[in-house]
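As the structure lists them, so they are numbered: ligands from 1, and atoms in each ligand from 1.
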Amino acid sequence: MNIIRARDFEDMSMKAADIVSAQVKRKPDSLLGLATGGSVLGLYANLTKDYENGNLDFSGIKTVNLDEYIGLDGVHDQSYRYYMDNNLFNHVNIKKENTHVPNGMSRDPGIECERYTNLIEKLGGIDLQLLGLGLNGHIGFNEPGIVFIKDTHVVELDESTIKANARFFAEEARVPGKAITMGIKNIMNAKKIVLCVSGKQKAGILKTVLFGDVTPLVPGSILQFHPDFTVVADEEALSVI
Ligand code: F6R
């Protein structure tokens, strides 16, 4: 495990973007596993800048996102498809058909999950997986539980996740209760994993994830077993380590 210390959110976003940029340059047909949420917003802004400055080419890049809310379609402003289009895809030269987000409107979410797991394999596996960390230790929407669920699956979101994500919605009652998420095996099979963590409120859970027992009660703790795992975190997030 490699810990990169950043000063603050901006510095974390730059350092993490540098890792992704290097991957895109090293392997221009990479499959990137992408996350949404506040932690990676600055990173996507930096990638967009790199592209605008002529330093990055996304024309051969393919992407698979970690998760999507069930019941939100791609034009809903809180869907993760919308987030990706507006924070990255619409601003760089990636081919839209090469970008994949689970379909939250699928009539049969079980079949959609199977399709998504197969898709990741068909695309050759993830070269670099970006992650944020939930306050409860979740990665993707793999919530704390008694087992690690391996493949893409439907999940009931934790109370704490709904509360944390309510900040993006008009009111808490509008946060969907269910989502589709890649499973732990899909994430752990990525060749390289980069976890972005910022802020004081994540300090305790980050310490538990990195140095506590490896247990499905703290899903992110499994990352301790990954052979190429980098954490980019700011001073506040690292304040108790
Ligand atoms: C998002 C995702 C989540 C977030 C996590 C942290 O696609 O899979 O695991 O990364 O909830 O969210 P933020 O960055 O908003 O604190």
Quick one: nearest non-hydrogen protein atom to [atom], plus distance?
| atom | value |
| --- | --- |
| atom 11 (O) of ligand 1 | H138 NE2, 2.7 Å |
| atom 14 (O) of ligand 1 | S39 OG, 2.5 Å |
| atom 6 (C) of ligand 1 | L133 O, 3.4 Å |
| atom 16 (O) of ligand 1 | K202 NZ, 2.8 Å |
| atom 2 (C) of ligand 1 | D67 OD2, 3.3 Å |

Under 3.5 Å between some N or O of ligand 1 and some N or O of T36?
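Right, the criterion is met.
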Would G38 count as a polar contact of ligand 1, with the cut-off being nitrogen or oxygen pairs under 3.5 Å?
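Min N/O separation from ligand 1 is below 3.5 Å for G38.
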Surrounding CZ of R26 (heavy atoms of other residues, nucleotides or ligands, distance under 6.0 Å), is the total greater than 12?
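Yes, the 6.0 Å shell around CZ holds more than 12 heavy atoms from other groups.
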Would the number of heavy atoms belonging to other residues, nucleotides or ligands and lying under 6.0 Å from NZ of K178 be above 12?
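No, NZ of K178 has 12 or fewer neighbouring heavy atoms, counting only those of other groups under 6.0 Å.
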With heavy atoms only and a cut-off of under 4.0 Å, state how N65 meets ligand 1: side chain, backbone, both or neither.
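Under 4.0 Å from ligand 1, N65 contributes no heavy atoms.
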Within the 4.0 Å heavy-atom shell around [X], which atoms of ligand 1 are there?
| X | value |
| --- | --- |
| G140 | 2 (C), 3 (C), 8 (O), 9 (O) |
| G132 | 10 (O) |
| L66 | 8 (O) |

Taking N46 for its side chain and S13 for its backbone only, find out whether a donor-acceptor pair lies under 3.5 Å.
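Judged by distance alone, yes, a pair lies under 3.5 Å.
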Provide the closest heavy-atom pair for Q224 versus T208 in the form atom of the first, atom of the second, distance.
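It is NE2-O, 4.2 Å.
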I'd like to know if R167 contacts ligand 1, where contact means a heavy-atom distance under 4.0 Å to any ligand atom.
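The answer is yes, since R167 has a heavy atom less than 4.0 Å from ligand 1.
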For D18, give me all partners under side chain to side chain donor-acceptor pair (under 3.5 Å), at least two apart in sequence or on another chain.
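D18 satisfies side chain to side chain donor-acceptor pair (under 3.5 Å) with no residue once adjacent residues are dropped.
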Measuring centre to centre across the rings, with the benzene-like ring taken for any Trp, is Y69 within less than 6.0 Å of Y83?
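They do not qualify: ring centres at least 6.0 Å apart.
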Y44 and F89: ring pair (Phe, Tyr, Trp, His ring centres under 6.0 Å), yes or no, with the steps?
CA-CA 9 Å; Y44 292 142; F89 300 154; 8.0 Å; no
Verdict with supporting geometry, I162 and E172, side chain to side chain contact (heavy atoms under 4.5 Å, CB included)
CA-CA 7 Å; I162 291 175; E172 192 178 313; 4.0 Å; yes
